[in-house]
Amino acid sequence: MGKTTGFLEYVRQDDRNRAPEERVHDWEEFHLALPAKERQEQGGRCMNCGVPYCQAGMMFKGKTFGCPLHNLIPEWNDMIFAGNQPHGLSRLLKTNNFPEFTGRVCPAPCEQACICGIYGDAVTIRDNERCIIEEAFASKAVKRRRPPQWSGKKVAVIGSGPAGLAVADQLNHRGHSVTVIEREAHPGGLLTYGIPNMKMPKDVVKRRVDLMTDEGVSFVCGVDAAEPKTAQRLLKEYDAVVLCCGSETPRPLGLDTQGVTGVYFGTEYLKAAVQRHQFGESPAIPTAEGRDVVIIGTGDTASDCVATALREGAASVTQLVRRPESDYRKNGQLPTDYAHEEALAVTGRDPRRFGVQVKDLVKDENGSLTAIVTTDGDTLPCQLLIGATGFAGCRADVCAAFGVEAGKTVATEEGHFATSVEKVFTAGDMRRGQSLVVWAIAEGRAAAAEVDGYLMGYTNLMRTM
Ligand SMILES: Cc1cc2nc3c(=O)[nH]c(=O)nc-3n(C[C@H](O)[C@H](O)[C@H](O)COP(=O)(O)OP(=O)(O)OC[C@H]3O[C@@H](n4cnc5c(N)ncnc54)[C@H](O)[C@@H]3O)c2cc1C
Ligand code: SF4
């Protein structure tokens with residue numbers, strides 16, 4: 001415990017955000033780091049509890065409490081206060097392959113379990129984590145680590161989201177030759193094509209992929225492993241295959257969209273926006289610029305669509321939320337996230353309308369969407385309707401190509417990662433269902449340990465789940 005009275009002396013200070021009215025005009029990251037002195041104080045707020053629930057990572061009534069990676073949180077909080085960055089970094093990297101991802105987008109279930117939060121405000125665990133890894137990259141303390149020797153075993157990882165990257169990183173450091181096969185043009189999964197740049201900068205993803213490449217992992221992009229011939233070749237040429245293809249099938253909107261243009265799923269729209277604004281490409285899905293945009297749903301994807309549509313210069317942005325407002329209020333307050341703050345700053349109003357759904361679509365003679373009719377009888381102008389109502393499961397084509405038993409997710413034994421097919425494993429959203437980056441990394445680490453045991457007859461890789 002760095003400072004015994006730290007939790008009494010210092011108040012919680014979150015990382016600052018750029019002002020909504022400024023940041024909504026660009027795609028740059030909106031979190032700003034705290035000055036060093038303030039960060040040190042935030043590390044000093046940790047009470048180093050005898051039983052640190054923050055690192056427990058337990059499921060309770062379907063919700064996660066504590067860190068699923070069992071990050072050694074009090075240890076690195078202590079190192080932040082002590083100013084011992086190298087030791088803090090080594091403790092952080094012991095359990096988390098990619099703190100630069102979780103330090104930005106993790107909803108921080110650790111903070112919900114923080115004892116300091118019972119009578120006051122939890123320690124800023126996520127911000128502290130991000131600070132350690134970003135300072136380490138900035139000071140070149142993150143070094144290339146190549147395995148001392150190679151095992152001679154070859155592993156193909158299908159999908160380069162956080163789960164696939166974690167599998168690849170772990171197995172590469174164990175000395176196996178890892179090739180990551182990715183369908184898209186750039187690696188990163190939803191870190192690249194889902195979560196927008198202002199929350200998850202693409203150069204941060206690239207920095208990690210470049211480091212992993214330097215350490216020995218091969219990335220092959222633009223290859224669809226659901227193609228049966230490709231799947232057969234991978235099964236023949238590799239000692240193990242790990243499917244990390246995410247949970248991509250969107251939940252249907254329940255609307256008759258036949259013959260209507262202008263209706264898309266949230267992930268399609270967000271991917272197109274990344275292609276347009278980060279990679280300079282020209283996707284078929286239109287920009288929100290000049291259009292009246294209606295977004296159906298709540299949660300991360302819907303918020304990211306609101307923030308993206310605002311940045312693209314939408315004429316108007318409305319978010320329809322099925323459940324009533326009272327369902328969302330906490331202690332009388334309606335929580336707002338970054339996208340709602342931005343909408344308020346730009347338009348002067350919260351974009352959400354609660355307790356409302358889309359009843360009908362109105363199109364012109366060419367089939368282009370012009371308006372929607374809501375269940376409360378309103379007609380809203382709308383040329384771009386985006387459905388962000390969750391995911392129905394993983395795609396069937398890739399499961400069929402590898403012959404693995406699957407329903408909404410790929411079937412494995414409880415707590416295991418081996419599929420119904422010899423030498424084929426799975427991890428991440430594809431096994432767990434739509435989840436979080438931190439769980440994808442935890443799944444990837446645990447799957448890597450199981451694959452290593454399968455290849456070598458034993459493993460010394462640590463499992464955090
Ligand atoms: C818009 C959005 C915002 C989110 N925001 C957050 C957030 O703020 N915080 C958080 O913790 N979580 C967030 N999530 C959830 C999080 O992104 C996922 O839980 C996580 O990315 C899952 O990781 P994964 O590796 O299992 O799958 P994914 O990240 O989905 O990666 C799967 C990869 O497999 C590739 N692939 C699929 N099929 C094939 C094939 N046939 N051949 C080759 N490659 C293939 C895909 O192209 C993709 O790159 C968000 C999700 C979305 C959709
Ligand atoms: S990965 Fe998430 S849960 Fe774990 S310490 Fe970091 S912010 Fe907390």
Side-chain angles (χ1 to χ4, degrees), residues 54-57 64-73 76-77 92 95-96 98-99 101-114 122-130 133 156-167 180-196 199-200 220-227 230-231 234 243-248 250 265-267 269-271 299-305 308 337-338 388 390-391 394-395 397-399 401-402 426-444 464:
C54 58
Q55 61 186 53
T64 308
F65 288 90
C67 177
L69 289 164
H70 305 305
N71 276 348
L72 304 168
I73 296 162
W76 38 263
N77 277 335
L92 178 57
T95 54
N96 190 352
F98 313 124
F101 303 156
T102 47
R104 287 180 162 82
V105 300
C106 187
C110 53
E111 294 184 19
Q112 285 173 34
C114 173
V123 173
T124 53
I125 300 171
R126 181 189 48 211
D127 292 351
N128 291 358
E129 180 177 6
R130 174 170 168 247
I133 189 68
V157 176
I158 318 300
S160 62
L165 291 179
V167 172
V180 180
I181 312 286
E182 171 54 54
R183 186 189 55 209
E184 303 298 337
H186 299 272
L190 289 170
L191 298 169
T192 297
Y193 286 106
I195 308 175
K199 267 171 75 185
M200 189 65 248
V220 181
C221 290
V223 174
D224 189 344
E227 160 62 38
T230 305
L234 292 169
L243 304 176
C244 301
C245 301
S247 172
E248 291 191 325
F265 288 110
T267 41
Y269 169 66
L270 291 172
K271 177 179 164 187
D300 280 335
T301 307
S303 290
D304 291 339
C305 290
T308 299
D337 73 12
Y338 83 108
F391 296 85
C394 60
R395 275 175 49 166
D397 56 357
V398 70
C399 299
F402 286 90
T426 184
D429 280 7
M430 195 176 195
R431 189 193 83 101
R432 189 179 185 83
Q434 174 67 24
S435 186
L436 296 171
V437 170
V438 63
W439 275 116
I441 299 171
E443 289 251 331
T464 48

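As the structure is a computational prediction, the values presented were derived from the model and not from experiment. We use all heavy atoms of the structure for the numbers below, so side chains are in, but hydrogens, waters and symmetry mates are not. As the structure lists them, so they are numbered: ligands from 1, and atoms in each ligand from 1.
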Side chain, backbone, both or neither: which part of Glu248 has a heavy atom under 4.0 Å from ligand 1? side chain
Under a 4.0 Å N-O cut-off, is there an ion pair linking Glu248 with Arg183? yes
Out of Asp304, Asp429, Asp397, Ile441, whose heavy atom sits nearest atom 18 (C) of ligand 1? Asp429
Just which atoms of ligand 2 are under 4.0 Å from any heavy atom in Val438? 1 (S)
Shortest protein heavy-atom distance from atom 2 (C) of ligand 1, along with the residue and atom involved: Thr301 OG1, 3.6 Å
Between ligand 1 and Ala163, is the shortest N or O to N or O distance under 3.5 Å? yes
Near Cys106, which atoms of ligand 2 are under 4.0 Å from a heavy atom of that residue? 2 (Fe), 3 (S), 7 (S)
Can you tell me if an N/O/S atom from Cys67 lies under 2.8 Å from atom 4 (Fe) of ligand 2? yes
Using a distance-only test with no angle check, is there a side-chain donor-acceptor pair under 3.5 angstrom linking Asn96 and Thr102? yes
Which atoms of ligand 2 are found less than 4.0 Å from any heavy atom of Arg126? 7 (S)
Ligand 1 contact on Lys199 by region, counting heavy-atom pairs under 4.0 Å: side chain
To the nearest 0.1 Å, how far is atom 34 (O) of ligand 1 from its closest protein heavy atom, and which atom is that? Gly159 CA, 3.2 Å
Is Ile158 in polar range of ligand 1, meaning some N or O pair under 3.5 Å apart? no
of all protein heavy atoms, closest to atom 5 (S) of ligand 2 is Asn71 ND2, 3.3 Å
Honestly, for Thr192 the part within reach of ligand 1 (heavy atoms, under 4.0 Å) is neither
Checking contacts here: is it the side chain or the backbone of Arg395 that comes within 4.0 Å of ligand 1, counting heavy atoms only? Could be both or neither. neither
To the nearest 0.5 angstrom, please state how far the SG atom of Cys110 sits from the CG atom of Asn71. 8.0 Å
Would you check whether Arg432 reaches within less than 4.0 Å of ligand 1, judged by its heavy atoms? no
Any Lys/Arg nitrogen of Arg432 or Glu443 sitting under 4.0 Å from an Asp/Glu carboxylate oxygen of the other? yes
Proximal ligand 2 atoms for Glu129, defined as those under 4.0 Å from one of its heavy atoms: 1 (S), 5 (S), 6 (Fe), 7 (S)
Under 4.0 Å, counting heavy atoms only: does Leu165 come that close to any atom of ligand 1? no
Ignoring angles and geometry beyond distance, decide whether Leu190 reaches within less than 3.5 Å of ligand 1 through its nitrogen or oxygen atoms. yes
Which of the atoms in ligand 2, numbered in the order shown and given with their element, are less than 4.0 Å from a heavy-atom of Thr102? 1 (S)
